[in-house]
Engineer: 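Can you keep this structure in mind? I'll have questions shortly.
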Amino acid sequence: MKLNERSLAFYATCDSPADNSGFLYKRGERHTAYHRRWFVLKGNMLFYFEERDSREPVGVIVLEGCNVELCDSAEGFAFAIRFGGTKSRTYVLAAESQAAMESWVKSLSRASFDYMRLVVRELEKQLQEMRWGLAGGCGGSQEPPDPWKPKPSGLEQSRERLPALPAILPKENGCAVWNNVLGAERPPDTSGCGGHDEEENPRPPPLPPRRRASNGEAASAGAAVAESPSTFCRLHELYSREVARLRQDWQQRQRGPRP
């Protein structure tokens with residue numbers, strides 16, 4: 001596993017919130033003496049510095065594939081980070097108090113992605129059980145949901161909620177009729193022109209023939225069109241006189257009674 005030193009140093013000292021931080025005593029790899037170091041836990045990476053104000057970390061421990069457990073040591077409140085494998089190193093740390101040790105052990109045990117994966121799976125299981133209970137309480141299906149069954153998309157769910165429509169809408173006199181209900185009884189076709197096409201769809205009745213306007217009707221329509229401007233002029237003149245009269249009365253009331 002390759003790690004970029006600059007990226008790690010920037011991540012260790014940036015302003016991102018830490019999961020845990022504090023002083024711990026770290027036992028050396030070659031010598032058994034303990035050295036006081038400042039530890040910062042971010043995600044699954046445990047950084048340690050010589051001092052709290054150090055600009056770069058001395059080292060980093062990637063908390064994957066490891067176990068955090070208490071151990072017996074000359075230093076009090078000691079615990080160990082053990083990795084699988086014969087050549088893997090075991091890190092022995094010691095806290096300054098019982099509360100600090102319990103806090104660090106809890107934080108380090110929950111830092112790996114394997115632990116987060118287990119937590120996510122458990123939460124998904126609880127969520128499915130809650131949905132199953134709600135569905136059973138509402139009279140729905142009593143079978144638990146299959147976690148491996150693909151969920152229908154939003155378009156498929158909307159199609160399931162929509163009622164089925166006929167392939168061709170029935171028509172009356174060439175106009176579609178939208179208030180027909182499937183399966184409703186229809187009056188028998190007595191026109192003699194009904195029937196079905198090749199796809200067993202009802203055929204619309206033929207359009208009625210257009211009625212041509214007679215000469216008298218056309219003349220009356222033209223006279224009405226010709227009279228409409230004169231009618232509008234008369235109405236305009238009538239209302240303008242009424243408005244002028246009302247305006248004159250209002251002005252007289254504003255002036256007051258004459259002496």
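Predicted model, so just to flag it, every value in this text is computed and none were measured.
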Engineer: Does any part of the side chain of Tyr25, heavy atoms only, come nearer than 4.5 Å to the side chain of Glu96, both counted from C-beta?
Structural biologist: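 Yes, their side chains come closer than 4.5 Å.
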Engineer: So which pairs with a foot in residues 77-116 pass ring-ring contact (aromatic ring centres under 6.0 Å, His included), sequence neighbours left out?
Structural biologist: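 Listed by first then second residue: nothing to list.
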Engineer: CG/Leu108 to CD1/Ile81 distance, rounded to the nearest 0.5 angstrom?
Structural biologist: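 Leu108 CG to Ile81 CD1: 5.0 Å, rounded to 0.5 Å.
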Engineer: Honestly curious: do Leu93 and Leu70 fall in one hydrophobic cluster under the side-chain, below-4.5 Å linking rule?
Structural biologist: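 Yes.
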Engineer: Are Leu41 and Phe39 grouped together when hydrophobic residues (ILVMFWY) are joined by side-chain heavy atoms under 4.5 angstrom apart?
Structural biologist: yes
Engineer: Do Trp38 and Val58 sit in one hydrophobic cluster, given that two such residues count as connected whenever their side-chain heavy atoms are within less than 4.5 Å of each other, even indirectly?
Structural biologist: no
Engineer: Give a yes or no on whether Phe47 and Leu63 share a hydrophobic cluster (residues Ile, Leu, Val, Met, Phe, Trp, Tyr; joining criterion: side-chain heavy atoms under 4.5 Å apart).
Structural biologist: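 No: no chain of side-chain contacts under 4.5 Å links Phe47 to Leu63.
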Engineer: Which residue pairs pass the side-chain hydrogen bond (donor to acceptor under 3.5 Å, both in side chains) test with at least one member in residues 61-80, sequence neighbours excluded?
Structural biologist: Tyr34-Ser73, Asn44-Glu64, Glu69-Arg82
Engineer: Going by side-chain contact (heavy atoms from CB on, under 4.5 Å), name the residues that satisfy it together with Thr32, two or more places apart in sequence or in a different chain.
Structural biologist: Arg27
Engineer: Between CD of Glu122 and CD of Glu124, what distance do you get to the nearest 0.5 Å?
Structural biologist: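 Nearest 0.5 Å value for the CD-CD distance: 10.5 Å.
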Engineer: Mind checking the CD-CD spacing from Glu56 to Glu50? Nearest 0.5 Å is all I need.
Structural biologist: 11.0 Å
Engineer: Could you tell me if Gln98 and Glu102 have a donor-acceptor pair between their side chains, going purely by distance under 3.5 Å?
Structural biologist: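 There is such a pair (donor and acceptor under 3.5 Å, judged by atom type) between the side chains of Glu102 and Gln98.
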Engineer: Just verifying a value: how many Å separate Met116 CE and Leu118 CG, rounded to the nearest 0.5 Å?
Structural biologist: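 If we round to the nearest 0.5 Å, Met116:CE and Leu118:CG are 10.5 Å apart.
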Engineer: Tell me, yes or no, whether the heavy-atom count around Arg89 atom CZ, taken from other residues, nucleotides or ligands under 6.0 Å, exceeds 12.
Structural biologist: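 Yes, because the 6.0 Å sphere around CZ of Arg89 holds more than 12 heavy atoms from other groups.
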Engineer: If only atom types and distance count, is the side chain of Ser109 paired as donor or acceptor with the main-chain N or O of Lys106 below 3.5 Å?
Structural biologist: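 Not at all, since once roles are kept as given, no pair shorter than 3.5 Å links the two residues.
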Engineer: Got a sec, which residues hit side-chain hydrogen bond (donor to acceptor under 3.5 Å, both in side chains) with Gln248, two or more places apart in sequence or on another chain?
Structural biologist: none
Engineer: For residues 7-23, which side-chain donor-acceptor pairs fall under 3.5 Å, sequence neighbours excluded?
Structural biologist:
{"unit_1": "Thr13", "atom_1": "OG1", "unit_2": "Ala9", "atom_2": "O", "d": "2.8"}
{"unit_1": "Ser16", "atom_1": "OG", "unit_2": "Lys42", "atom_2": "NZ", "d": "2.9"}
{"unit_1": "Asp19", "atom_1": "OD2", "unit_2": "Gly43", "atom_2": "N", "d": "2.9"}
{"unit_1": "Asn20", "atom_1": "ND2", "unit_2": "Ser103", "atom_2": "OG", "d": "3.3"}
{"unit_1": "Asn20", "atom_1": "ND2", "unit_2": "Ser107", "atom_2": "OG", "d": "3.2"}

Engineer: If we only count heavy atoms from C-beta on, is the Ile61 to Tyr48 side-chain gap below 4.5 Å?
Structural biologist: yes
Engineer: Do Val68 and Leu24 share a hydrophobic cluster (ILVMFWY, side-chain heavy atoms under 4.5 Å, transitive)?
Structural biologist: yes
Engineer: Please enumerate all residues that pass side-chain hydrogen bond (donor to acceptor under 3.5 Å, both in side chains) together with Gln251, with sequence neighbours excluded.
Structural biologist: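 Checked Gln251 against side-chain hydrogen bond (donor to acceptor under 3.5 Å, both in side chains); zero matches.
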Engineer: In Å, rounded to the nearest 0.5 Å, how long is the span from OG1 of Thr90 to CD of Glu29?
Structural biologist: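 Here the rounded value is 10.0 Å.
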Engineer: Could you tell me if the side chain of Gln126 sits less than 4.5 Å from the side chain of Leu123, heavy atoms only?
Structural biologist: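 Leu123 vs Gln126: side chains touch.
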Engineer: Salt-bridge test for Glu242 and Arg245: reply yes if a basic N is under 4.0 Å from a carboxylate O, no otherwise.
Structural biologist: yes
